[in-house]
Amino acid sequence: MSTSQAYNEEKGGSSSLGEPEYGHDPASGGIFSSDYKRHDDLKEMLDSNKDSLKLEAMKRIVAMIARGKNASDLFPAVVKNVACKNIEVKKLVYVYLVRYAEEQQDLALLSISTFQRGLKDPNQLIRASALRVLSSIRVPIIVPIMMLAIKEAASDMSPYVRKTAAHAIPKLYSLDSDQKDQLIEVIEKLLADKTTLVAGSVVMAFEEVCPERIDLIHKNYRKLCNLLIDVEEWGQVVIINMLTRYARTQFLSPNQNESLLEENAEKAFYGSDEEDAKDDKTEAASLVKRKPYVMDPDHRLLLRNTKPLLQSRNAAVVMAVAQLYFHLAPKAEVGVIAKALVRLLRSHSEVQYVVLQNVATMSIKRRGMFEPYLKSFYIRSTDPTQIKILKLEVLTNLANETNISTILREFQTYIRSMDKDFVAATIQAIGRCATNIGKVRDTCLNGLVQLLSNRDELVVAESVVVIKKLLQMQPSQHSEIIKHMAKLTDNIQVPMARASILWLIGEYCEHVPKIAPDVLRKMAKSFTNEEDIVKLQVINLAAKLYLTNSKQSKLLTQYVLNLAKYDQNYDIRDRARFIRQLIVPTEKSGALNKYAKKLFLAQKPAPILESSFKDRDHFQLGSLSHLLNAKAVGYQELPDWPDEAPDPSVRNVEVPEWTKCTSREKRKEKVEKPFYSDSEGESGPTESADSEPESVSESESESSSGTESGSGSGSEEEEEESGDQSEEEKKKKKKKKKEKELPRKASLESMGSNTGASSDPNRDQRHGDFCFICPGILPLPSLYPHLISSVPQVISPVFSSVKTYELLHRMTGEGLSVEYYFSRQPFAPDPHMVAVQIQFSNNTDSEVKNVRISEPKLLSGMRVQEFKEIESLAPGETTSVVMGIDFCDSTQAANFQLCTHTRQFYGAIQPPVGELMAPVFMSENEFKKEQGKLTGMSEITEKLTLPETCQSDHTIVQRVTSAANVSRVPCGADNEYRFAAKTVTSGSLVLITLEKKEGALAQLTVNSEKMVIGTMLVKDIIQALTQ
Amino acid sequence: MIHSLFLINCSGDIFLEKHWKSVVSQSVCDYFFEAQEKAVDVENVPPVISTPHHYLISIYRDKIFFVSVIQTEVPPLFVIEFLHRVADTFQDYFGECSETAIKDNVVIVYELLEEMLDNGFPLATESNILKELIKPPTILRSVVNSITGSSNVGDTLPTGQLSNIPWRRAGVKYTNNEAYFDVIEEIDAIIDKSGSTVFAEIQGVIDSCIKLSGMPDLSLSFMNPRLLDDVSFHPCIRFKRWESERVLSFIPPDGNFRLISYRVSSQNLVAIPVYVKHMISFKENSSSGRFDVTIGPKQNMGKTVEGVVMTVHMPKAVLNMNLTASQGSYTFDPVTKVLTWDVGKITPQKLPNLKGIVNLQSGAPKPEENPSLNIQFKIQQLAISGLKVNRLDMYGEKYKPFKGVKYITKAGKFQSLGSRIVLG
């Protein structure tokens, strides 16, 4: 600053004479002048008691600061206004103070008391801004005051003030690093904070002050994972980067079995998932016992909670998640990041630049990941050169036997580009492809040789250099090329290329015995005009020729060495002297002379053309150090995985008693908790591998913090948002929430039953068509199995309930088999209809066409919404459609004809009574009120004995919800279960109460206007409970 | 993290500096100027430059370099993304992010930068929060302020700052409640000389302009959400609803914002709405050549293709061009060698054509480079992927909003490769 300051003062002084009239024009005067006289003006304005004048003065001063001009002499005048009432003046004074306090420490102290007063203000904004400015004033004397203020603010009521405290920590630390221990205490306290507002800032402070104190994270690990999605984007980046490092120290490498047989590795992988479904503690215990790798549930929690952030709009967040997956995820799962990274390539060119650097590193280690996106790296003529070269790097890394021909064709078009740097890079890329993939080496070489006749010298030169490297691999076959290149020495001027040609001729002079001496002759002639690297190669060539063909080249060599002896460059003089001693036998020359030939003409290993991005991954990806390929200041080394996992129990947190029943929300969670984990465990085998780990941390997060946990944050957020909505709205929402569990099950099921079909684009297409009719119903896209799994609040009981019924057996259907089940989703086109998911599988050898429904034979009042005709179903293919049937609240079957292009089949769908209703959400009071209205005839009561297998809460709930499409109603009493639903057609309420009595006795009560339904439902539920 | 920020214009003047920690001398920018000189082209200035004591991370936006000074390890994208957010904020506040706009509003710029970073770490970057803290300049307000002496700076904590919906400000009121969605799709394609598609994909965004009172809770559903292959969301979108139901459910920010951006799954074939027939040929021993280009509609779903502009970077040897356009007008810049043909609308009855003579520098060898044609176009009322908004529902507020959806398809990076230069 000092230089520019001096410069400015000088300028200010000189300009004072030239432009006094500016003083009348505040707008221009503020920016362009820093005149002492005018400073007097400003002082006057600041001293006045009019706020508008003060504001005007401050604006002009700030404009000066912005231009980088010195306004430090106004310090006393400005500081006086620190207590000004006008908030804008005050803010500008703060700006000034922070800028100049360091230079005028004594005067700055005058302002401190104002801030100290501000720290006690009832307004949180004022408290926060006082702390912010106080901590930004870099005056060592006030360190104790700052420390005190930070400590106090860290326990402030307002999370915003606590956030400011977190920001202040690194400021104080950079001012006085002796405060570290005290600051760590504050950090520890703030790390325990449960608000999302603070999380990002405190982790930032942690990273700057004590990144080595990884032990502070243990207790907060799960909370941070669970809060992550709600933290603001900048905080997310910092937290993810920190957690990457944390995970590297605390968990085992998920890829440690990589070296074992593929089969084994796979087994271990699946094994880990089964394990995941179990309880946290057994997990930990088994970790020690079982040899095959088992992923720590906390490790899984981190992976799962970061994955949704790949869809962030913020490129830095996406990159942070991508590097986390790259460094932490099992090999099989890393692939998910490719798509997101490719998406970033559409962003600003600076973003592209950084992303491509990282992709280049990743693509060396995990080529397969980016292969599907090969074309996204194709180069456009409008790309900036630095982007082009990076894309080229990626393309080269991705090249393999199968795609090399496409890539080379692409490269051919690049060579004709007008951007010469890019062409040169392309030629090198071709060379690398040729060395890496033996199959195409000759093709590439031929292509490069053709380039030797290119009109552009740079192209030729670059080709020569690359050909030289390629020839070294199999020189004997290519003496023709060497001859061709020898001719080029007449024309080509680029030193590197000339040097390469000379080296080649020297090295393989035996293959071109006639040409080599002639080349040397020409070079000797032009020796003095050559560049240094060329001269060195001329000497080299001379030496080699002397050794192999001394008869023809002895004199030439002597001549060249003599020229070199008097060269200006000492390297060349040295080389000449050294070589003369070595090759020309004299009396003094030692034993080395004998070995000269061996020294010069030894077999040299062919160069390996490697990517400059190789091994860059020892730097944490996405970091500045990785980009620069050099350790940046403050870079935290990414530790290697430990051999033995540290004790995972350090992350366990006891749940404080009071958090358990603070709100209805929590209570609900608590009730639901048991059946999450357990039912997940049961249904484990049918689930996809990806979705399973869910349950573990589900139970875990609940048990851990008891705060805004993974599932909690989602549901709570929704809850809070809907806070000001009407009660009815809330109900609707609840209902939706319940309902949305159901389809997920359905889609998982269907995915499970026809594995592989999900990748079939035709199938997807068909779903696409269908959703034209009813967008709400389509099964979740199979493209996103991983996403499906990461929804936490799954009501899994429904899982076992989805029972598939047969509509047409494959024998009677002559190869066409049809099954149906009740998806329990609202049928969007008509809310009075029950959605029936129908699945067609074609087991014949030929296509089945025009599958449709005709001539429904229905009882009066019943209606059917047919599905859209399936135009064709290829052999072996499976497809599913949704149709809606209004059963009029009766269990009568809907009959119809199922037609194909050749045949007609008779079909009937008969609903179980439990499917004729849809769940509704109601509170305990509403339930009681409604129940009170439905007594007498509408109430059916039955006694039953619960079997041993059906005693626990969750089994009961699960069995009831599987027997009927109902939702649970919260209930105060421990031994009572309540459920509610509405019939689909008439919307009559169906209320179910199950009361557990002593022993295994229980009483089931169903209240409903529809007595028939009530009676049948009682029967069904009892059957479900006692089976 | 971010130590200082310098704003530099194209002629190399540092016209604004801001320091969040202790002051870093302007001379650090010399390293940047050095790199800039080396790069020749502004696009090729490396975004990250390492100097002995600092690292410089820069972006180039609207003819301004935003150069930030970093002292310690930080993810480069973090800084780049932040700088772009700063530029976006300026754009939002002043209508343009130009040197004059920044100089004219230097105090507001300074106040904004002060709020956006604390000690180099981002503090408030949501435009809705910033607007509550610092009111954007309007002519009316500046007049009022100068009379009443009231200020542009809010004195309460923005409600958004504390809630978990930081993007929305409280107490929004409109007399006309409106919600507009623009579905904008861009086709990126590379077409080879035979007319077949080398690479094509559709990138789309939904930009929204929401002017709704209170705290509306919107849900937007699509006829065919399956088309969306890879989506990135504004933070307001409830991710879980999307996962489970494919419905965009959100409490919107107030004003203009980008709701989602998406890519259409690559399995779907991309319809290419135009085709180009071209012929550029040079005779062996003559200093002229022939040029003939026709553009026609193809797979345009019955909509009119308009706003068609073709640009060609001609080889260096081309001196000038004598062409006749059947429609629209063309310009050829003999310095940059760029041929631009502003075609306008394509009418299938009479296809636009541009043909004529290319004159080469005498004595220059015939060009061997293949110029590629870049084409821009626009199709109104069509999302080329077939994406359709099904419905928009609003909860949480009583009034009936006016809703509107607009579809536009544009050419993104649309390139017809290597028009053949016939030799002989």
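Just so we're on the same page: letters track the sequence lines, and every chain starts at 1. All figures in this text were calculated on a predicted structure; none of them were measured in a lab.
Contacts of B:R85 with chain A are made by side-chain atoms alone, with heavy-atom separations under 4.5 Å and no backbone atom involved. Both the backbone and the side chain of B:F82 come within less than 4.5 Å of a heavy atom in chain A. In this structure, chain B has no heavy atom under 4.5 Å from any part of A:V89. Contacts between A:N358 and chain B at a heavy-atom distance below 4.5 Å are absent for every atom of the residue. Contact of A:R343 with chain B is made through backbone and side chain together, with heavy-atom distances under 4.5 Å. Proximity to chain A (any heavy atom under 4.5 Å) is restricted, for B:E126, to the side chain, taken from C-beta onward. Using a 4.5 Å cut-off between heavy atoms, A:A128 does not touch chain B at all. Heavy atoms closer than 4.5 Å to chain A are found nowhere in B:F6, neither backbone nor side chain. B:F233 touches chain A through backbone and side chain together, each having a heavy atom under 4.5 Å away. Only the side chain of A:Q352 has a heavy atom closer than 4.5 Å to any heavy atom of chain B. Only the backbone of B:S58 comes within contact range of chain A, with at least one heavy atom under 4.5 Å from a heavy atom of that chain. Within the 4.5 angstrom heavy-atom criterion, no atom of A:V318 approaches chain B. In this structure, chain A has a heavy atom under 4.5 Å from the backbone of B:V45, while its side chain stays farther away. Of the two parts of B:I102, neither the backbone nor the side chain holds a non-hydrogen atom closer than 4.5 Å to a non-hydrogen atom of chain A.
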- [ ] Decide yes or no on side-chain contact (heavy atoms from CB on, under 4.5 Å) for A:R380 and B:I190, but give the supporting numbers first.
- [x] CA-CA 8 Å; A:R380 292 160 208 285; B:I190 303 177; 3.8 Å; yes
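Contact check for B:P235 versus A:R313: side-chain heavy atoms found under the 4.5 Å cut-off. Residues B:D229 and A:K339 have side chains in contact (heavy-atom distance under 4.5 Å, counting atoms from C-beta outward). For the pair B:E81 and A:V237, the minimum side-chain heavy-atom distance is 4.5 Å or more. Between A:T385 and B:D41 there is no side-chain heavy-atom pair separated by less than 4.5 Å.
Between A:Q386 and B:N44, the closest heavy-atom pair is N-OD1, 3.0 Å. Considering every non-hydrogen atom in both A:L92 and B:E111, the closest pair reads CD2-OE2, 3.6 Å. Here the closest heavy-atom approach between residue A:S312 and residue B:S232 is recorded as O-CB, 3.6 Å. Across all non-hydrogen atoms, the minimal contact from B:P76 to A:G622 is CD-O, 3.0 Å.
In summary, B:E114 and A:R99 do not engage in a salt bridge, as defined by a charged side-chain N under 4.0 Å from a carboxylate O. A salt bridge links A:R346 with B:E186; the closest basic N to acidic carboxylate O contact falls under 4.0 Å. Electrostatic pairing of B:E115 and A:R132 counts as a salt bridge here, judged by a charged N lying under 4.0 Å from a carboxylate O.
A:Q323 contributes atom CD, which lies 11.0 Å from atom CG of B:L77 (distance to the nearest 0.5 angstrom). Taking CD of A:E207 as the reference point, atom CE of B:M1 lies at 8.0 Å (rounded to 0.5 Å).
Counting heavy-atom pairs under 4.5 Å between each of B:I70, B:I80, B:D118, B:L7 and chain A puts B:D118 at the top. Here B:Q203 is the residue among B:Q203, B:H234, B:K18 with the most heavy-atom pairs under 4.5 Å with chain A. Taking chain A as the reference chain and counting heavy-atom pairs below 4.5 Å, the highest number among B:Y55, B:Y60, B:F15, B:W20 is found for B:Y55.
Below 30°, between 30° and 60°, or above 60°: for A:W234 and B:F78 the angle between ring planes is above 60°, a perpendicular geometry.
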